[in-house]
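Letters A, B, ... mirror the listed sequences (proteins, then strands); counts begin at 1.
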Number of protein chains: 2
Amino acid sequence: MLTDRQLLILRAIVDDYIKTAQPVGSRTLSKRSDVTFSSATIRNEMADLEEMGLIEKPHTSAGRIPSELGYRFYVDHLIRPESISPQEAKALKSLFAHSVNENDRLIRHTADLLSELTHYTTLVLGPKEEGQRLHHLELIPLAEGRVVIVLVTETGHVEHKTLQLAEALSREAASRLMERLNQTLRGTPLSMLRGRLLEEIRRFRSEHSEQTTLLSKALDIVLTDQDEGRPLIYLGGKANMFDQPEFQDVAKLRPVLELIEQQEALFDFLSPNLDNQILITIGSENNVDALKDCSVIRAHYSVDGISLGTLALIGPKRMDYNRGINSIIHLLQAFQTELRKNNLD
Amino acid sequence: MLTDRQLLILRAIVDDYIKTAQPVGSRTLSKRSDVTFSSATIRNEMADLEEMGLIEKPHTSAGRIPSELGYRFYVDHLIRPESISPQEAKALKSLFAHSVNENDRLIRHTADLLSELTHYTTLVLGPKEEGQRLHHLELIPLAEGRVVIVLVTETGHVEHKTLQLAEALSREAASRLMERLNQTLRGTPLSMLRGRLLEEIRRFRSEHSEQTTLLSKALDIVLTDQDEGRPLIYLGGKANMFDQPEFQDVAKLRPVLELIEQQEALFDFLSPNLDNQILITIGSENNVDALKDCSVIRAHYSVDGISLGTLALIGPKRMDYNRGINSIIHLLQAFQTELRKNNLD
DNA sequence: TGTTAGCACTCACTTTTAACGAGTGCTAAT
DNA sequence: ATTAGCACTCGTTAAAAGTGAGTGCTAACA
């Protein structure tokens, strides 16, 4: 167990390093107002902290920097839930002053807000399609056998795809089919929609001996479209990465930016956050080589108890966890409130 | 006027520098198989070329590199329209083997293809909305006064927005209004659509004494949505920037990547390409400070003589113009062919 | 007259050496 | 238990020396 003094020193080191990005020496610490003991004492304590693996030195004659374990300890035990400043709280409220009634845009907006708030890069993972339920389906026949299919989920998410049929679909036939589909399929989870949709169309066709081509084409388009099944990822404040001193070296910066551009990789990385809390992963804890020098703060957002997606903040290991956590918590709430408004249950 | 030998030397310098990114010395050149004269002669010619401002030396004891004027001359006079290799031509055809019947996706796909083909970063400016004409308008009433409005242009572009009305819109009312709007508004350029739409709705309301709230809300949403009016920009191969030796320095890299992330700035930059040719801008010719070390190859794409958008390639000034131009020309044609298929005239 | 060989000169780049100083670990005194 | 003192470490910076690719100029050559 750590003594109070050791806690004080550890916190001071982490705080200082987060602020300056420079290794913290014993003399520097001894000059702080909340430190009453000498630099020699600090050196002794530092030696102990180092033995415990909480801090380390880049080289012999440098100050100490927090180790990953040190950050972990700091995050787990030393963070004060410093509440957001009054101005910021006010700003937060006004950010969502005029409702955004399209979830996609709301999510994008939120990503930007969070990055502005924290000066870190933000990732927002949109809702998984699978979990969502169908609210409404619309078929819009156009000229030349072109049909637009519009799909609205209960969360208010709208999506459209264009099909190309061999023969034109009459407006009447579309209307009848549509009515039938909406009757039978409303509330179907999107994960099951593909199958049921085809089944319904087949049944409809046998009953009305109507166009058959629609079936195969719709199958082609809707089913082969794998990538559309995964949620979208919105990024905010990519340029903030440039400001971090640890990423001044292109070799360090590159893997992070490259990863961020890869939707699939990010998706895999962000998805498996199961519990509902704030999750912080530091450096190697990310289990992703490109993020070995980064920390990620993640929060799940949900509406009516249904988990929808993830809000994440990505920065150097030396990131301002305090500010990050607080910002994400506060924005999360405002965000969820807005999301709920858009629900179409 | 330049002598044949000077042309040979200039071309050799540019070619070499494009390949190696190293200043080219007279001795290096004299060892080329197509150079029959000595390094001393080359030095004399180089001195002349330098006097003409076509090449320059980074410092006294280095080889020569092309000046912006040199690149300009190279691009204007020395590029051989080296046709694409047979394999590549075949590959190009197969790239669009299965048609993409949604323009948005087609454009995105094209951006990726072009960057893969050239190993440079690609920008594709989507069609301007203003120029496009309305093909079809659909109103989909949902629960709780939510209405999705779907808009299809004659180019096959589909767009949707969600409106929130104070009171619900009945399916019948929507259907009637929709029929009316489509009758009167089909073919309207989107730039004029906003105004005409409102007018039509007002007229419809007075004739049928129907919901009035729709008007104001639709106005709010459709009109205030400025940013949706500008075309989308798709990026491909952002990471390719990392491979260029001139951008190993974060200070050089940053402004370029930052600019690329800014939709508006790019829009302003890419738009004013009026003529239908391939346009190449080198370094300061870009008139954008962030691109002072970059060259941009642009090509307008059009369908049926109607200019739609821009295909652009961005790389260092030392970019492989030959390959870039050829790739963009060939892809442009394939792309336009695909686009034409999606037209709904 | 155009071309080439030769040579002194320039200058970025690399390596070497030296000086600096922030920081440490250890010891002895308080 | 705490602290003052001191030798030691080692990254950083600066200056000095050496290296080599490349140039410009001149004189000889075809």
- Residues from residues 39-47 of chain B sitting under 4.0 Å of DNA chain D, heavy atoms only?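 DNA chain D contact set from residues 39-47 of chain B: B:R43, B:M46.
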
- Message: With the threshold set at under 4.0 Å for non-hydrogen atoms, list the residues of residues 11-23 of chain A touching DNA chain D in residue-number order.
- Response: none

- Task: Could you tell me whether A:E50 and A:R64 make a salt bridge, using a distance below 4.0 angstrom between a side-chain N and a carboxylate O?
- Result: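 Salt bridge: yes.
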
- If you measure from the Lys or Arg side-chain nitrogens to the Asp or Glu carboxylate oxygens, is any gap between B:D48 and B:R43 under 4.0 Å? no

- Could you tell me whether the side chain of A:I282 reaches within less than 4.5 Å of the side chain of A:I280, counting heavy atoms only?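 Yes; the side chains approach each other to less than 4.5 Å.
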
- Does a side-chain heavy-atom distance below 4.5 Å link B:R72 with B:D76? yes

- Query: Which pairs with one or both residues in residues 21-71 of chain A pass ring pair (Phe, Tyr, Trp, His ring centres under 6.0 Å), sequence neighbours excluded?
  - Reply: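 Applying ring pair (Phe, Tyr, Trp, His ring centres under 6.0 Å) to every pair that reaches into residues 21-71 of chain A, excluding sequence neighbours, yields A:Y71-A:Y321.
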
- Segment of DNA chain C, first to last nucleotide, that comes within the 4.0 Å heavy-atom reach of chain A: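 For DNA chain C, the relevant span reads C:dA22 to C:dG25.
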
- Item | Matching residue for B:Y74 among B:L54, B:D15, B:L10, B:I13 - test: side-chain contact (heavy atoms from CB on, under 4.5 Å) |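 That would be B:D15; it is the only one of B:L54, B:D15, B:L10, B:I13 passing the side-chain contact (heavy atoms from CB on, under 4.5 Å) with B:Y74.
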
- Please confirm whether the backbone N or O of B:L279 pairs with a side-chain atom of B:R298, one donor and one acceptor, at under 3.5 Å?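 No, B:R298 side chain to B:L279 backbone: no donor-acceptor pair under 3.5 Å.
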
- Message: Using modelled atom types and a 3.5 Å cut-off, is there a donor and acceptor pairing between side-chain atoms of B:E261 and backbone atoms of B:E258?
- Response: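 Between the backbone of B:E258 and the side chain of B:E261 there is no qualifying donor-acceptor contact (under 3.5 Å).
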
- Item | Qualifying residues under salt bridge (charged side-chain N to carboxylate O under 4.0 Å, His left out), relative to B:D249, sequence neighbours excluded |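 Checked B:D249 against salt bridge (charged side-chain N to carboxylate O under 4.0 Å, His left out); zero matches.
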
- Item | Among A:K317, A:K292, A:R318, the one residue meeting salt bridge (charged side-chain N to carboxylate O under 4.0 Å, His left out) with A:E246 |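 Among A:K317, A:K292, A:R318, the one that satisfies the salt bridge (charged side-chain N to carboxylate O under 4.0 Å, His left out) with A:E246 is A:R318.
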
- Query: With sugar-phosphate meaning primed atoms plus P, OP1 and OP2, does A:R27 contact a base, only sugar-phosphate, or nothing at under 4.0 Å between heavy atoms?
  - Reply: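 Result for A:R27 = nothing.
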
- Between B:T121 and B:N240, does any side-chain donor sit less than 3.5 Å from a side-chain acceptor? no

- Query: Are side-chain N/O atoms of A:D320 and A:Y120 paired as donor and acceptor at under 3.5 Å?
  - Reply: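 Absent: no donor and acceptor within the cut-off.
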
Hey, what are the protein-to-nucleotides 19-21 of chain D N/O distances that come in under 3.5 Å?
none

